[in-house]
Amino acid sequence: MPNEIRVRFAPSPTGYLHIGGVRTALYNWLFARQNAGKFILRIEDTDLNRSTAEAIRWILDGLDWMGLDWDEGPFVQTERLDLYNEHIDRLLASGKAYRCFCTPAELDAMRKKALAQNLPLKYDGRCRNLKEGERSGEHTLRFKAPQDGQIVIDDLIRGSVTFDQTQMDDLIIRRSDGSPTYNLTVVVDDALMGVTHVIRGEDHLSNTPRQVQLYEAFGYLVPKFGHMSLILGPDREKLSKRHGAASISEFMEMGYLPEALVNYLVRLGWSHGDQEIFSLEEVLEHWRLEDVGKSPAVFDHQKLEWLNGQWMKRVPSGEIARRLIPFLEKTGVVDQAPDLEWLEKLVLTLRERSLTLVEMAGKADFYFKELPYEAEPAQKFLTTDIEPLMEKAGEFLETVDPFDHETLYSKTKDWLETRGLKLKVLAQPLRVALTFRKDSPGLFEVMEVLGKEKTLKRIARAREWIRNQ
RNA sequence: GGCCCCAUCGUCUAACGGUUAGGACGCCAGCCUCUCACGUUGGUAAUACGGGUUCGAAUCCCGUUGGGGUCACCA
């Protein structure tokens, strides 16, 4: 399949999966799926000092959670070192690479000097034309970068971008410890894996011309590039940990839904009419890489939260119930796995008023166990005045059958009306009695989920509390 | 500092060169209501600046300003 579209996501396993990386993965995945292409996962771990197996796990888990499945890989670069060495040898043999004996200290001094004189920070190429044996010892390998002409990149998102080769320095392709560096490994891998479209963050744009030089040096076909704008923090700098949550695991822990995150991330720099809510299927149908905007976007937690609230109501309640369990366990109110069917009913009462799973779990506690009354509403609503009516209400509720919210609502209303009372007078006291606080789901929904027995028990407990005041 | 990218409400974004510059989040107010939410109605708020091109510019061109990215033996 020579015309097959092949894209890749190539994170380095040096920490949590950044939300910007998730967006990159998403765009690549979408592009592959829309074009019946292949989505390749590659782990770029050539920085031995910073890469960890744990981070690889986080990446895989994050993609899995987002529902982004890959077709090939994960390939791991440290397992492909022979390939890189072979390519480096080729450059050496054709005179396109050379040994550089400059020490880190020497290079650092060069940089400092250039900075002080306001000159471009560029390696001066002093080892470029060394005579055999002129210097020896520990050395790196540098690519002999072409020094004239221009490189024009026809970027899928940005349009035509031109770079002058004059200011491109000879980048290091092999460290003194013998390991290959990023710019070499990406090019070798992308070429060997047949990657046709490189979709990545704008922070890689200035790397692109150097990579193009390498493609040309190897005689490989240059892929198409698409550089997406970055996600910014409120201060308009690249989003990072210091702006708060920036990694996908944090969003998972905060009780966000992958549906909402996908929706939010895809709307950063892209739109389709006035539509705000997109399922993955809808995104697949409407999203186009070439419609993606060029300007960077500030990450807006509040809008994500709103979107998540929308998805809390859209994802099937049984599914929400299932995902809620770990969050309930974390709150410590549940000791054993709750019945899923019952949990789903509970979810139905809470989904309209919960922006995240964390919030929902927090609001669900009263369903599981009796809690101390919140001081202020207890004082205000659990009064000796109301106690007799609560007693009567308890007696009346015992007779209601079936014990579902519709029946409860209409019968309670009728019962109160025959006594010339409005629901309002009883609603808040009952709410405090049943939920121990002033805000809760609808009173009768609460009763239904609680069941007759617990409902009556809690009313009795409230009356006792009043009498003890 | 060199190179590169970017520029519409606070934020995310719409607007074949002709619109009262639209929508969404947020915020404010009203409505709905057993509380809180949800929902709903209305309000708030933007084309960075200066030159061109054109009958006509948010839109095309140039410049200025501002912001960002990148210049590692990181990726």
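Convention: sequence-line order gives letters A, B, ...; per-chain numbering from 1.
- A residue-by-residue look at S229(A) and L107(A) shows that S229(A) has its nearest nucleotide of RNA chain B further toward the 5' end.
- Pair assignment for rU70(B): rG2(B), on the basis of Watson-Crick or G-U wobble contacts that are both within less than 3.5 Å.
- The phosphate of rA75(B) has OP1 or OP2 within less than 4.0 Å of a side-chain N or O from T46(A).
- When all heavy atoms of D45(A) and P13(A) are compared, the closest pair comes out as CB-CG, 3.8 Å.
- For the C1' atoms, the distance from rC31(B) to rC49(B) is 44 Å, rounded to whole Å.
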N/O to N/O distances under 3.5 Å, protein versus nucleotides 21-24 of chain B:
unit_1, atom_1, unit_2, atom_2, d
rG23(B), N2, R267(A), NH2, 3.4
rG23(B), N2, E276(A), OE2, 3.3
rA24(B), O4', E276(A), OE2, 3.1
rA24(B), O2', K303(A), NZ, 3.4
rA24(B), N3, K303(A), NZ, 3.3

With 3.5 Å as the limit, what N/O pairs link the protein to nucleotides 5-7 of chain B?
unit_1, atom_1, unit_2, atom_2, d
rC5(B), O2', R158(A), NH1, 2.5
rC5(B), O2', E202(A), OE2, 3.1

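- As rounded to the nearest Å, rU65(B) and rC12(B) have P atoms that lie 24 Å from one another.
- Applying the ring pair (Phe, Tyr, Trp, His ring centres under 6.0 Å) criterion to Y16(A), with sequence neighbours excluded, gives W58(A).
- The side chain of R111(A) has rA72(B) as its nearest neighbour among rA72(B), rG2(B), rC3(B).
- Nucleic acid contact for N207(A): base, since at least one base atom lies under 4.0 Å from a heavy atom of the residue.
- In this pair, F9(A) and F39(A) present their aromatic rings parallel. The plane angle is below 30°, not in the 30 to 60° band.
- Between F225(A) and Y215(A), the two ring planes are perpendicular [angle over 60°; tilted spans 30° to 60°].
- Here the P atom of nucleotide rC36(B) and the CG atom of L434(A) are 17 Å apart, to the nearest Å.
- Of the residues in residues 235-247 of chain A, R236(A), E237(A), K238(A) come within less than 4.0 Å of RNA chain B through at least one heavy atom, sorted by number.
- Judged by distance alone with a 3.5 Å cut-off, a donor-acceptor contact links the side chain of S176(A) to the base of rC73(B).
- Between the P atoms of rU47(B) and rA58(B), the separation comes to 11 Å (whole Å).
- At a threshold of 4.0 angstrom between heavy atoms, the contacts of Q310(A) are confined to the sugar-phosphate backbone, with no base atom among them.
- Checked against ring pair (Phe, Tyr, Trp, His ring centres under 6.0 Å), F163(A) has no partners two or more places apart in sequence or in another chain.
- Base pairing analysis places rC25(B) opposite rG10(B); the two distances defining the Watson-Crick or G-U wobble pair are each below 3.5 Å.
- Comparing atom distances between the L268(A) side chain and each of rC71(B), rA75(B), rC12(B) picks out rC12(B) as nearest.
- The cationic atom of R210(A) (NZ for Lys, CZ for Arg) does not lie both less than 6.0 Å from the six-membered ring centre of F143(A) and within 45° of the ring axis.
- R463(A) pairs by the salt bridge (charged side-chain N to carboxylate O under 4.0 Å, His left out) definition with E387(A), E391(A), not counting sequence neighbours.
- Heavy-atom distances to RNA chain B give each of K363(A) and D45(A) a nearest nucleotide, and the one nearer the 5′ end belongs to K363(A).
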Report each atom pair, protein N/O against N/O of nucleotides 31-35 of chain B, whose distance is under 3.5 angstrom.
unit_1, atom_1, unit_2, atom_2, d
rC34(B), O2', R431(A), NH2, 3.2
rC34(B), O2, R431(A), NH2, 2.4
rC34(B), N3, L443(A), N, 3.3
rU35(B), O4', Q428(A), OE1, 3.0
rU35(B), O2', K438(A), O, 3.3
rU35(B), O2', D439(A), OD1, 3.0
rU35(B), N1, R431(A), NH2, 3.3
rU35(B), O2, S440(A), N, 2.8
rU35(B), O2, S440(A), O, 3.2
rU35(B), N3, R431(A), NH1, 3.2
rU35(B), N3, S440(A), O, 2.6
rU35(B), O4, G442(A), N, 3.4

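- Look at CG on L307(A): it is 13 Å from C1' on rU11(B), rounded to the nearest Å.
- rC38(B) atom C1' lies 13 Å from atom CE of M360(A), rounded to whole Å.
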Let me check something: any side-chain donor-acceptor pairs from residues 107-116 of chain A under 3.5 Å, sequence neighbours excluded? List them with distances.
unit_1, atom_1, unit_2, atom_2, d
D108(A), OD2, K112(A), NZ, 3.0

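- Judged by the 6.0 Å and 45° rule, R142(A) forms a cation-pi pair with Y123(A).
- Comparing atom distances between the S206(A) side chain and each of rC25(B), rU70(B), rA14(B) picks out rU70(B) as nearest.
- For H204(A), the ring pair (Phe, Tyr, Trp, His ring centres under 6.0 Å) partners at least two apart in sequence or on another chain are Y182(A).
- The pair D155(A)-K294(A) does not count as a salt bridge, with every side-chain nitrogen at least 4.0 angstrom from each carboxylate oxygen.
- Rounded to an integer number of Å, the gap from R50(A) CZ to rA72(B) P is 15 Å.
- rC4(B) atom C1' lies 15 Å from atom CG of L121(A), rounded to whole Å.
- For Y373(A), there are no side chain to side chain donor-acceptor pair (under 3.5 Å) partners, not counting sequence neighbours.
- Across the strands present, rC55(B) finds its partner in rG18(B); the criterion is a Watson-Crick or G-U wobble pair with both atom distances under 3.5 angstrom.
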Quiz item: Are I466(A) and M390(A) close enough, and set up right, to give a side chain to side chain contact (heavy atoms under 4.5 Å, CB included), and what steps lead you there?
Solution: CA-CA 11 Å; I466(A) 293 171; M390(A) 284 183 69; 4.3 Å; yes
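- L355(A) has its CG atom 17 Å from the P atom of rC36(B), to the nearest Å.
- Shown are D82(A), T78(A), V76(A), L83(A); of these, the side-chain contact (heavy atoms from CB on, under 4.5 Å) with R80(A) is made only by L83(A).
- Below the 3.5 angstrom threshold, one finds no donor paired with an acceptor across the side chain of D108(A) and the base of rA72(B).
- Nearest to the side-chain atoms of Y182(A) among the listed nucleotides rG2(B), rG26(B), rA75(B) stands rA75(B).
- Stacking of the aromatic ring of H204(A) onto the base of rA75(B) is found: the ring centres lie under 5.5 Å apart and the planes are inclined by under 30°.
- The side chain to side chain donor-acceptor pair (under 3.5 Å) search around Q310(A) returns R314(A), not counting sequence neighbours.
- A straight line from CG of L230(A) to C1' of rG69(B) spans 6 Å, rounded to a whole angstrom.
- For S271(A), a side-chain nitrogen or oxygen approaches OP1 or OP2 of rA14(B) to under 4.0 Å.
- Among the nucleotides rG39(B), rA37(B), rA75(B), the one closest to the side chain of E352(A) is rA37(B).
- For R50(A), the salt bridge (charged side-chain N to carboxylate O under 4.0 Å, His left out) partners two or more places apart in sequence, or in a different chain, are D47(A).
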